[in-house]
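Both counts, for ligands and for their atoms, begin at 1 and track the order of listing.
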Amino acid sequence: MQKSTLRFVITSALAATISGISQGAERPRKIEVLGHRGARASRPENTMPAFRFAIDAGADTLELDVQMTKDGYLIVAHDRTVPTALCQSMDGRKLATGRAIRELTLAEIRDLDCGSLKNEDFPNQVPAPKTTMPKLEDVLELVSSHQGLAKSQIKLQIEAKGVPRYTTAADSPDVLAGAIIAAAKKYQLIDRIVIQSFDHRVIAAAKKINPRIKTAALLAPNLPDWVSVLKSSGASIISPHLDWVTKEAVDAAHKYGAKVVPYTANHEADWKFLITCGVDGIITDDPQALIKYLADKSG
Ligand code: G3P
Ligand code: CA
């Protein structure tokens, strides 16, 4: 076949494809898949094995929680205190009490094994012995250096776990937001992070530092007026508990120009419900299963 003829065939095929799309073969809506604490259903939460698992499974975004150590490092951990049910000493001893993370140094954190004890809520979770709580920078490094197919798509939804009652100058909303932004900047990932928090002062602090930073307002279960929260917080994403999602609320948020990304949905019935309501993304402990569900649905 001559070059010009070949070009015509390709062009025609492309045109047919394009016209097929525009004439109504409706493109399936892309639902963002956010791996909660990495992939808690499959690997110990908020650990590097969990983040690697989520990336390999094809998650769009890694959700993770950060706290400040005594010596000023952002580490990835959900609870204010070390969870004794999930962490033990590196030599396998049970921890008597969970000390506050902000009272521990990075070296002391690094002496905790948070990968050996299985979370019984997740029967398919595979332990990752001798795994420590990572620094936020470890996860940023992983994402920035990842060479897989989804490289350009992996994003981070970073939750600042400030607790107003226990806030000090060392982990104030300004300090937390500033440290997250500085770390993301170091790895040139500013455009791929969202800062989220239940403490909406963190969102204001982040916007003050960089008005372009994307932010998500997390909502406790009983706060239904999303648009008011979006207005007062300045966030462009609202993240409600899944049980408080309604189609009307999603429509109102969309009309306001915001995205809706609920937490934490782990079952097909919930995914189906949320998709019917029109959400933009789903935070799940089981990104692998959600990705399969979405693929089966569109295929
Ligand atoms: O991303 C939202 C979700 O992570 C909030 O709940 O308690 O798991 O951090 P939590
Ligand atoms: Ca979280």
Using the ring of each side chain (for Trp, its six-membered ring), is Y263 parallel, tilted or perpendicular to F198, with breaks at 30° and 60°?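 Y263 and F198: perpendicular rings.
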
Looking at every non-hydrogen atom in both residues, tell me the closest pair between I291 and A59 and how far apart they are.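 So the minimum-distance heavy-atom pair works out to CD1-N, 3.5 Å.
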
Would you say NE2 of H267 has more than 12 non-hydrogen atoms from neighbouring residues, nucleotides or ligands within 6.0 angstrom?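 Counting other residues, nucleotides and ligands, NE2 of H267 stays at 12 neighbours or fewer.
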
A quick test of your reading: do over 12 heavy atoms of other residues, nucleotides or ligands sit less than 6.0 Å from NZ of K292?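 Open.
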
Of all N, O or S atoms in [X], which has the smallest distance to the Ca ion (ligand 2)?
X: D65; result: OD1
X: E63; result: OE2
X: E159; result: OE1

Shell of residues surrounding ligand 1, defined by a 4.0 angstrom heavy-atom cut-off that is strict: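 Lining ligand 1 at under 4.0 Å, by heavy atoms, one finds H36, R37, E63, D65, H78, E159, K161, Q196, F198, L218, Y263, I283.
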
Where at least one partner belongs to residues 271-285, residue pairs that pass salt bridge (charged side-chain N to carboxylate O under 4.0 Å, His left out), sequence neighbours excluded: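 Listed by first then second residue: R40-D285.
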
Worked verdict on Q88 versus R93 for side chain to side chain contact (heavy atoms under 4.5 Å, CB included): CA-CA 6 Å; Q88 60 183 17; R93 279 176 294 118; over 6 Å; no

So H78 and K161, side chain to side chain contact (heavy atoms under 4.5 Å, CB included) or not? Walk me through it. CA-CA 7 Å; H78 180 269; K161 276 292 188 199; 3.5 Å; yes

